[in-house]
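Contents: one structure, followed by commentary.
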Amino acid sequence: MSNELSNLDNLSNDKIMAMVGQDANIEKKSLPSLVINYEAEDSEGNAIKRGLYKINVKGVDVFAENVEFRPFLNAFQYKKYDDENEDNTYKSVMFRSWSDSTIDTNGTQSCGSVPRAERENLDPVGKIEQDKVKCHRHVFGVVSLKGKTSKGKEVIITDEPALYSVKGVNYMPIGDVLQSLSARNKIMYNTVLKFSGTEKHSRGTVTWFTANIKDANKHVEFSESNKETLNTFLEIFKSENDYVAQEYAKAVKGKVSSQDIEDGKLLKEVTA
């Protein structure tokens, strides 16, 4: 602290605010999401084909049948969503390896997820709670496509940083492709993936789409600008995990007994 005070005049306002515990007015970095479109029309009634890929860039939704996607960073995150009880909704840190810590904003691990093999032994209420927990796969990368807006205007997007986040039926299609790259000793950021349309499925009144994804077998060099983009992804990754870690610490404090706090057990757990 003494070194920082001696250099106070040379610090930026953001760093000074951080040092004195004042929230800096910093805009959080965010990314457009690459998703599958389920809407039949836009807010103005313009028809949109369901099952197309959609990305919002600078406030404009762009739709395309085919997309090229270069994956830079692959991560996982548990999320629990309860539409009847907001207090029962929380998320874990993002993690890159299954051996990583998976603390969550509820002060627990993995949002309470239980391995599927063990769920048959749960009571009915426990099974319902498990259905609310999903493991999401987050793939950060750059998107290139030639598409159209809902009004029919043609748009070309090149190397737009984006997040492709999937769960459920779309969890494995991109996961299988990434695993195949590893099996062939290919680094994913040197690779282009082709998203070639989607496959429609129906069961009763429910309709869903799964992505068709394959390796384009196109090698791309990882440039200096790509390194900057990856660094942005890592900053977003860290920011998300810093937030979850803070919420985890608050939740743990709220759950432990006063004796635990006096014994210093909480401090040891949170700072270990």
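Just the heavy atoms: all of them, side chains too, but no hydrogens, waters or symmetry mates, feed the values below. If you're wondering where the values come from, they're calculated on a predicted model, not measured in any experiment.
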>> As a test of understanding, state which of Leu230, Thr232, Ile187, Leu234 forms a side chain to side chain contact (heavy atoms under 4.5 Å, CB included) with Phe72.
In response: Leu230
> Between atom CE of Met188 and atom OG of Ser180, what is the distance when rounded to the nearest 0.5 Å?
Replying inline: 12.5 Å
> Which pair of non-hydrogen atoms, one from Ala64 and one from Gly147, has the smallest distance, and what is that distance?
Replying inline: CB-CA, 4.1 Å
> What heavy-atom pair brings Glu221 and His219 nearest, and what distance separates the two atoms?
Replying inline: OE2-NE2, 3.1 Å
> Are Leu73 and Arg96 close enough, and set up right, to give a side chain to side chain contact (heavy atoms under 4.5 Å, CB included), and what steps lead you there?
Replying inline: CA-CA 9 Å; Leu73 176 66; Arg96 285 169 284 194; 3.8 Å; yes
> Yes or no on side chain to side chain contact (heavy atoms under 4.5 Å, CB included) for Phe233 and Leu31, after CA distance, side-chain angles and deciding distance?
Replying inline: CA-CA 9 Å; Phe233 294 156; Leu31 295 171; 3.7 Å; yes
>> Heavy-atom count check: over 12 atoms from other residues, nucleotides or ligands less than 6.0 Å from Arg119 CZ?
In response: yes
> Does any N or O in the side chain of Ser196 come within less than 3.5 Å of the main-chain N or O of Asn66, such that one atom is a donor and the other an acceptor?
Replying inline: no
> Taking it one step at a time, do Thr229 and Asn226 satisfy side chain to side chain donor-acceptor pair (under 3.5 Å)?
Replying inline: CA-CA 5 Å; Thr229 299; Asn226 291 156; 5.1 Å; no
> Thr207 side chain to Ser202 main-chain N or O, any donor-acceptor pair under 3.5 Å?
Replying inline: no
>> Arg70 vs Phe222, test: side chain to side chain contact (heavy atoms under 4.5 Å, CB included). Steps then yes/no.
In response: CA-CA 10 Å; Arg70 284 183 62 196; Phe222 197 61; 3.9 Å; yes
> Is Glu39 atom CD crowded by more than 12 heavy atoms from other residues, nucleotides or ligands, each under 6.0 Å away?
Replying inline: no
> Do Asn88 and Lys80 have side-chain N/O donor and acceptor atoms under 3.5 Å apart?
Replying inline: yes
>> Nearest 0.5 angstrom please: Gln109 CD to Ser101 OG, how far?
In response: 5.0 Å
> Are Leu193 and Tyr164 side-chain neighbours, meaning at least one heavy-atom pair lies under 4.5 Å?
Replying inline: no
> Does the side chain of Glu65 reach to within under 4.5 Å of the side chain of Lys49, using non-hydrogen atoms?
Replying inline: yes
> For Arg184, does the CZ atom have more than 12 heavy-atom neighbours from other residues, nucleotides or ligands under 6.0 Å away?
Replying inline: yes
> Any salt bridge between Lys186 and Asp215, counting N to O under 4.0 Å?
Replying inline: yes
> Could you give the distance from OG1 (Thr149) to CG (Asn46), rounded to the nearest 0.5 Å?
Replying inline: 8.0 Å
>> Please list all pairs meeting salt bridge (Lys or Arg N to Asp or Glu O under 4.0 Å) that have one or both residues in residues 228-244, counting only residues at least two apart or in different chains.
In response: Lys29-Glu235, Lys91-Glu240, Lys238-Asp242
> Nearest heavy-atom pair of Pro173 and Ala211: which atoms, and what distance?
Replying inline: CB-O, 3.7 Å
> Any side-chain heavy atom of Phe63 sitting closer than 4.5 Å to one from Ser150?
Replying inline: yes
>> I need the full list of ring pair (Phe, Tyr, Trp, His ring centres under 6.0 Å) pairs touching residues 36-57, with sequence neighbours left out, sorted by first then second residue.
In response: Tyr38-Phe209, Tyr53-Phe195
> Tell me, do Lys151 and Glu44 make a side-chain contact under 4.5 Å, heavy atoms counted?
Replying inline: yes
>> Give me the atom names and distance for the closest heavy-atom approach of Gly51 to Ile36.
In response: CA-CG2, 4.0 Å
> Checking salt bridge (charged side-chain N to carboxylate O under 4.0 Å, His left out) against Glu68, which of Lys146, Lys214, Lys218 comes through?
Replying inline: Lys218
> Are Trp208 and Leu52 connected in a single hydrophobic cluster, I mean Ile/Leu/Val/Met/Phe/Trp/Tyr linked by side-chain heavy atoms less than 4.5 Å apart?
Replying inline: no
> How far does NZ of Lys253 sit from OH of Tyr248, to the nearest 0.5 angstrom?
Replying inline: 12.5 Å
> Any link between Val139 and Leu181 through a network of hydrophobic side chains (Ile, Leu, Val, Met, Phe, Trp, Tyr) touching at under 4.5 Å?
Replying inline: yes
> If every non-hydrogen atom of Gln77 is compared with every non-hydrogen atom of Ser92, which pair is closest and at what distance?
Replying inline: NE2-O, 2.7 Å
> Is there side-chain contact between Asp104 and Tyr78, with at least one heavy-atom pair below 4.5 Å?
Replying inline: no
>> I'd like to know if Ile128 and Tyr81 are part of one continuous hydrophobic network [Ile/Leu/Val/Met/Phe/Trp/Tyr, side-chain heavy atoms within less than 4.5 Å].
In response: no
> Is there a path from Trp98 to Val166 through hydrophobic residues (I, L, V, M, F, W, Y) whose side chains come within less than 4.5 Å of each other?
Replying inline: no
> If you round to the nearest 0.5 Å, how far is CE of Met172 from CG of Leu178?
Replying inline: 10.0 Å
>> Let me check something: do Phe237 and Leu163 share a hydrophobic cluster, defined by ILVMFWY side-chain heavy atoms less than 4.5 Å apart, either directly or through other members?
In response: yes
> When rounded to the nearest 0.5 angstrom, what is the spacing between CD1 in Ile48 and NZ in Lys54?
Replying inline: 7.0 Å
> Would you say the side chain of Ile55 lies within less than 4.5 Å of the side chain of Leu145, judging by non-hydrogen atoms?
Replying inline: yes
> Hey, is NZ on Lys148 packed in by over 12 heavy atoms from elsewhere, all under 6.0 Å?
Replying inline: no
> Is any side-chain heavy atom of Phe69 less than 4.5 Å from a side-chain heavy atom of Ile213?
Replying inline: no
> Ignoring hydrogens and geometry, is there a side-chain-to-backbone donor-acceptor pair from Asn241 to Met94 under 3.5 Å?
Replying inline: yes
>> Please determine whether side chain to side chain contact (heavy atoms under 4.5 Å, CB included) holds for the pair Ser113 and Gln130, giving the CA-CA distance in whole Å, both sets of side-chain angles, and the decisive distance to 0.1 Å.
In response: CA-CA 6 Å; Ser113 179; Gln130 285 302 305; 4.2 Å; yes
> How close do Thr89 and Asn85 get, heavy atom to heavy atom, and via which atoms?
Replying inline: OG1-O, 3.7 Å
> Would you call Asn190 and Val220 a side-chain contact if the rule is heavy atoms closer than 4.5 Å?
Replying inline: no
>> With a 6.0 Å cut-off (strictly less than), is the heavy-atom count around NZ of Lys200, excluding the residue itself, greater than 12?
In response: no
